[in-house]
Amino acid sequence: MNIVLLGPPGAGKGTVAALLKKELDVPHISTGDIFRENIKNGTELGKKVESIMASGALVPDDVTVELVKDRLSKDDVKNGYILDGFPRTIAQAEALSFFADIDAAVCFVLSDEEIIKRLSGRRICKSTGKIYHIVSNPPKVDGIDDETGEPLIQRDDDKPEAIKHRLEVYQASTAPLIEYYSGKGLLKNIDASVSPEEVLASVVAALKA
Ligand code: AMP
């Protein structure tokens with residue numbers, strides 16, 4: 001099954017995708033994670049996107065589409081995949097339709113107030129990508145990753161100015177995808193205000209329905 005996860009930043013797509021990946025036994029492809037990995041490794045792509053990402057703006061469509069097209073040409077996606085953070089514009093969705101057959105678009109629904117709370121409290125371990133929240137999912141020791149003992153970081157784009165910009169970008173460029181996939185009969189709305197395990201259960205039920 002080829003699945004697209006839609007919804008605002010901070011709605012829990014990455015967290016739930018990590019659980020859903022195990023449930024469905026298919027790869028979780030996050031364009032944001034791929035860009036962050038490139039920034040960490042100092043690649044040409046990483047250098048190109050670093051300042052764009054830090055501001056909360058979108059990486060140009062052609063760069064992102066090429067990246068996903070390449071990723072979906074690999075063998076491990078034969079039995080399906082979860083796309084997280086892509087497409088993010090109508091142009092990306094249209095490009096995707098030329099090289100992929102999407103079976104479902106799952107939209108994580110969450111209020112702006114809750115999004116801001118989640119994003120501003122989010123902390124991550126840079127080397128493993130593990131996600132924490134200072135209130136709802138804190139590490140055992142304040143500011144330290146449970147497994148590696150490394151200090152947790154706040155993503156540059158989780159800082160207040162960037163959050164504001166990301167929400168504006170979401171409304172302007174990404175929210176229209178809800179209509180786009182609804183028109184194709186593929187949209188499944190999910191209440192994302194509950195725990196990751198509960199969201200996972202709703203997603204699995206919606207995919208079976
Ligand atoms: P995410 O981890 O999905 O929140 O993505 C973090 C950032 O990566 C976004 O704010 C964008 O700057 C960039 N990004 C990720 N996916 C895309 C995409 N499909 N199109 C454009 N930019 C993207």
Side-chain angles (χ1 to χ4, degrees), residues 2-18 20-21 27-41 43 45-72 81-100 102 105-108 110 112 114-126 128-133 152-178 180-181 192 196:
N2 304 335
I3 302 162
V4 160
L5 301 185
L6 296 177
K13 300 188 296 296
T15 305
V16 173
L20 187 61
K21 162 195 163 144
H28 164 208
I29 301 170
S30 155
T31 41
D33 284 350
I34 298 174
F35 289 137
R36 278 184 289 278
E37 189 65 24
N38 275 273
I39 293 173
K40 195 170 84 183
N41 296 333
T43 67
L45 175 65
K47 286 180 198 145
K48 199 163 169 179
V49 302
E50 187 163 15
S51 61
I52 301 177
M53 281 181 71
S55 75
L58 292 183
V59 173
D61 285 339
D62 56 342
V63 176
T64 315
V65 167
E66 221 27 64
L67 185 88
V68 173
K69 194 173 177 184
D70 178 63
R71 182 63 187 86
L72 294 187
Y81 48 82
I82 303 162
L83 278 179
D84 161 16
F86 183 94
R88 245 179 168 99
T89 63
I90 295 285
Q92 290 180 12
E94 281 173 348
L96 177 68
S97 72
F98 285 102
F99 57 85
I102 298 304
V106 177
C107 182
F108 286 48
L110 197 67
D112 272 7
E114 188 61 27
I115 291 166
I116 292 166
K117 242 194 260 170
R118 287 192 186 181
L119 288 176
S120 53
R122 179 158 70 180
R123 299 292 181 272
I124 60 168
C125 171
K126 205 170 178 181
T128 65
K130 184 163 178 198
I131 304 168
Y132 296 85
H133 187 279
L152 299 178
I153 60 154
Q154 182 173 37
R155 280 169 46 172
D156 283 340
D157 59 352
D158 282 344
K159 295 181 180 157
E161 264 317 293
I163 292 179
K164 189 166 163 273
H165 191 204
R166 285 165 78 199
L167 289 176
E168 287 162 1
V169 169
Y170 175 76
Q171 281 310 330
S173 304
T174 310
L177 289 175
I178 296 171
Y180 176 89
Y181 282 111

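Every number for a ligand or one of its atoms is a count from 1 in the order of the listing.
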_Residue R166 vicinity, atoms of ligand 1 by number, heavy atom under 4.0 Å_ = 4 (O)

*For atom 23 (C) of ligand 1, grab the closest protein heavy atom and report residue, atom and distance to one decimal in Å.*
F35 CE1, 3.8 Å

*Does K164 NZ have over 12 foreign heavy atoms under 6.0 Å away?*
no

*In terms of residue, atom name and distance, what is the protein heavy atom nearest to atom 22 (N) of ligand 1?*
V59 N, 3.0 Å

_What protein heavy atom lies closest to atom 11 (C) of ligand 1? Include the residue and the distance to one decimal._
A57 O, 3.4 Å

_How far is atom 15 (C) of ligand 1 from the closest protein heavy atom, and which atom is that?_
R88 NH1, 3.3 Å

*Lys/Arg-Asp/Glu bridge criterion (N-O < 4.0 Å) met for D158, R166*: yes

*What do we get for V169 next to ligand 1 when only non-hydrogen atoms under 4.0 Å count, side chain, backbone, both or neither?*
neither

_Give me the residue, atom name and distance of the protein heavy atom closest to atom 7 (C) of ligand 1._
M53 CE, 3.6 Å

*Element-labelled atoms of ligand 1 that are located less than 4.0 Å from some non-hydrogen atom of Q92*: 18 (C), 19 (N), 20 (N), 21 (C)

*Atoms of ligand 1 less than 4.0 Å from R36 heavy atoms?*
2 (O), 6 (C)

_Is it the case that the side chain of K13 and the backbone of G85 share a donor-acceptor pair, with hydrogens and angles ignored and the cut-off at 3.5 Å?_
no

*asked:* Quick one: does any side-chain atom of S173 pair with a main-chain N or O of Y170 as donor and acceptor, under 3.5 Å?
replied: no

*asked:* Just so I know, are the side chains of F86 and I29 near enough to count as touching, which here means a heavy-atom distance under 4.5 Å?
replied: no

*Would you mind listing which atoms of ligand 1 come within a distance below 4.0 Å of any non-hydrogen atom of T64?*
18 (C), 19 (N), 20 (N), 21 (C)

*Over 12 foreign heavy atoms within 6.0 Å of NZ, K69*: no

*May I ask you to list the atoms of ligand 1 that are less than 4.0 angstrom from any heavy atom of G85?*
16 (N), 17 (C), 18 (C), 19 (N)

*Mark up the atoms of ligand 1 that fall under 4.0 Å of a heavy atom belonging to T31, in ascending order.*
15 (C), 16 (N), 17 (C), 19 (N)

_Which of the ligand 1 atoms, numbered from 1, are nearer than 4.0 Å to a heavy atom of F86_ = 19 (N)

_So if I count the atoms of ligand 1 from 1 in the order they appear, which ones are less than 4.0 Å from some heavy atom of R155?_
1 (P), 2 (O), 4 (O), 6 (C)

